[in-house]
Amino acid sequence: MKRKETVTLCIWLAFCLFVCIESLRLGVGSFKMPGPGFIPFGASLFTGLIALSLLLIGKAKRTIRETAPFFQGGRVIKVLYMVCALFLYPFFLSQLGFFLCTLFFAGFSLKMIEPQRWRTVLVISIGAAITCYLLFDVFLRIQLPKGILIRKLF
């Protein structure tokens, strides 16, 4: 593992630890009645666990990888497409609704970042949209934009 990667992962770990501590100060609450620090605590906990596992795996393997420069090939174009998609997502959210917008965003992301087969893209994007809808609308009871299509059907 390169020194840059190690330093970056240590910075992520420190940041996640800071967010976890501040989230606890805000109040996490319970699963049935989450507090204002519930989501930041969970997100930083999972991010910290991922960073810690990458750090431990990299140190255990002790391998040095050669990485390509950032501006080589079509990486910059892919990053720009994804940034545009991230900015367009909230604009189309009220028109298309949460489910369709999430479905299209996940599909676009899968085809854009590392092109996958269409069957894989469809299965993962439909699964992601259904999972997000169930999590936010059904379990957490957060009102999500229904979109024009759902309003016309019902």
Side-chain angles (χ1 to χ4, degrees), residues 1-2 4-20 22-23 28 31 34 36-58 61 63-154:
M1 176 178 277
K2 289 187 174 185
K4 289 183 207 178
E5 292 174 348
T6 304
V7 170
T8 303
L9 289 171
C10 288
I11 290 172
W12 271 109
L13 281 172
F15 177 72
C16 290
L17 182 65
F18 171 75
V19 173
C20 279
E22 291 300 315
S23 298
V28 177
F31 193 72
F38 184 76
I39 298 292
F41 180 77
S44 63
L45 182 68
F46 286 123
T47 306
L49 289 174
I50 291 170
L52 182 63
S53 66
L54 288 173
L55 185 64
L56 293 175
I57 289 170
K61 287 185 178 180
T63 57
I64 297 176
R65 298 183 328 206
E66 281 297 319
T67 56
F70 176 74
F71 292 106
Q72 182 180 1
R75 290 182 178 178
V76 175
I77 298 297
K78 289 181 180 182
V79 170
L80 291 175
Y81 281 149
M82 288 309 303
V83 168
C84 289
L86 284 170
F87 279 107
L88 290 175
Y89 181 83
F91 290 114
F92 287 116
L93 195 59
S94 60
Q95 285 83 20
L96 294 176
F98 178 79
F99 185 79
L100 285 177
C101 199
T102 304
L103 178 79
F104 291 143
F105 179 75
F108 179 78
S109 299
L110 287 168
K111 278 306 259 187
M112 185 53 55
I113 293 174
E114 191 64 39
Q116 305 287 325
R117 293 180 302 167
W118 276 108
R119 185 183 330 172
T120 305
V121 169
L122 288 174
V123 168
I124 292 175
S125 59
I126 289 171
I130 289 172
T131 303
C132 290
Y133 181 79
L134 288 174
L135 175 68
F136 293 119
D137 196 48
V138 176
F139 295 125
L140 296 176
R141 293 191 177 106
I142 297 173
Q143 289 183 340
L144 301 170
K146 300 292 183 200
I148 295 170
L149 181 67
I150 300 297
R151 284 188 211 130
K152 288 187 178 190
L153 289 175
F154 297 104

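Nothing fancy with the numbering, it's 1 onward along the sequence. Values below: every heavy atom of this structure, side chains too, minus hydrogens, waters and symmetry copies.
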(message) Just verifying a value: how many Å separate Ile126 CD1 and Leu103 CG, rounded to the nearest 0.5 Å?
(response) 6.0 Å
(message) For Phe15, give me all partners under side chain to side chain contact (heavy atoms under 4.5 Å, CB included), at least two apart in sequence or on another chain.
(response) Trp12, Val19
(message) Under the rule for side chain to side chain contact (heavy atoms under 4.5 Å, CB included), what residues qualify as partners of Pro36, not counting sequence neighbours?
(response) Leu26
(request) Could you tell me which residues satisfy side chain to side chain donor-acceptor pair (under 3.5 Å) with Tyr81, sequence neighbours excluded, listed by chain and number? (result) none
(message) Filter on salt bridge (charged side-chain N to carboxylate O under 4.0 Å, His left out), then keep only pairs touching residues 116-142, sequence neighbours left out; what's left?
(response) Asp137-Lys146
(message) I need the Leu122 CG to Gln116 CD distance, nearest 0.5 Å.
(response) 12.0 Å
Which donor-acceptor pairs under 3.5 Å do side chains of residues 41-55 form with protein atoms, sequence neighbours excluded?
unit_1: Ser44; atom_1: OG; unit_2: Pro40; atom_2: O; d: 2.9
unit_1: Ser44; atom_1: OG; unit_2: Phe41; atom_2: O; d: 3.1
unit_1: Thr47; atom_1: OG1; unit_2: Ala43; atom_2: O; d: 2.7
unit_1: Ser53; atom_1: OG; unit_2: Leu49; atom_2: O; d: 3.2
unit_1: Ser53; atom_1: OG; unit_2: Ile50; atom_2: O; d: 2.8

(request) With rounding to the nearest 0.5 Å, note down the distance linking CG in Leu86 to OG in Ser109. (result) 7.0 Å
(message) For Phe136, give me all partners under ring-ring contact (aromatic ring centres under 6.0 Å, His included), at least two apart in sequence or on another chain.
(response) none
(message) Working to the nearest 0.5 angstrom, can you tell me the gap between Ile142 CD1 and Phe98 CZ?
(response) 9.0 Å
(request) Identify, with sequence neighbours excluded, every residue that meets side chain to side chain donor-acceptor pair (under 3.5 Å) alongside Glu22. (result) Arg25
(message) Once salt bridge (charged side-chain N to carboxylate O under 4.0 Å, His left out) is applied, what residue pairs with a partner in residues 84-93 remain, sequence neighbours excluded?
(response) none
(message) Please report the interatomic distance CG(Leu144) to OG1(Thr102), rounded to the nearest 0.5 Å.
(response) 8.0 Å
(message) Give me each pair satisfying ring-ring contact (aromatic ring centres under 6.0 Å, His included) with a member in residues 105-134, each pair once, sequence neighbours excluded.
(response) Tyr89-Phe105
(message) So, using ring-ring contact (aromatic ring centres under 6.0 Å, His included) as the criterion, who are the partners of Phe99 when residues are at least two apart?
(response) none
(request) Side-chain contact test, heavy atoms from C-beta onward, threshold under 4.5 Å: evaluate it for Pro115 versus Lys78 and give yes or no. (result) yes
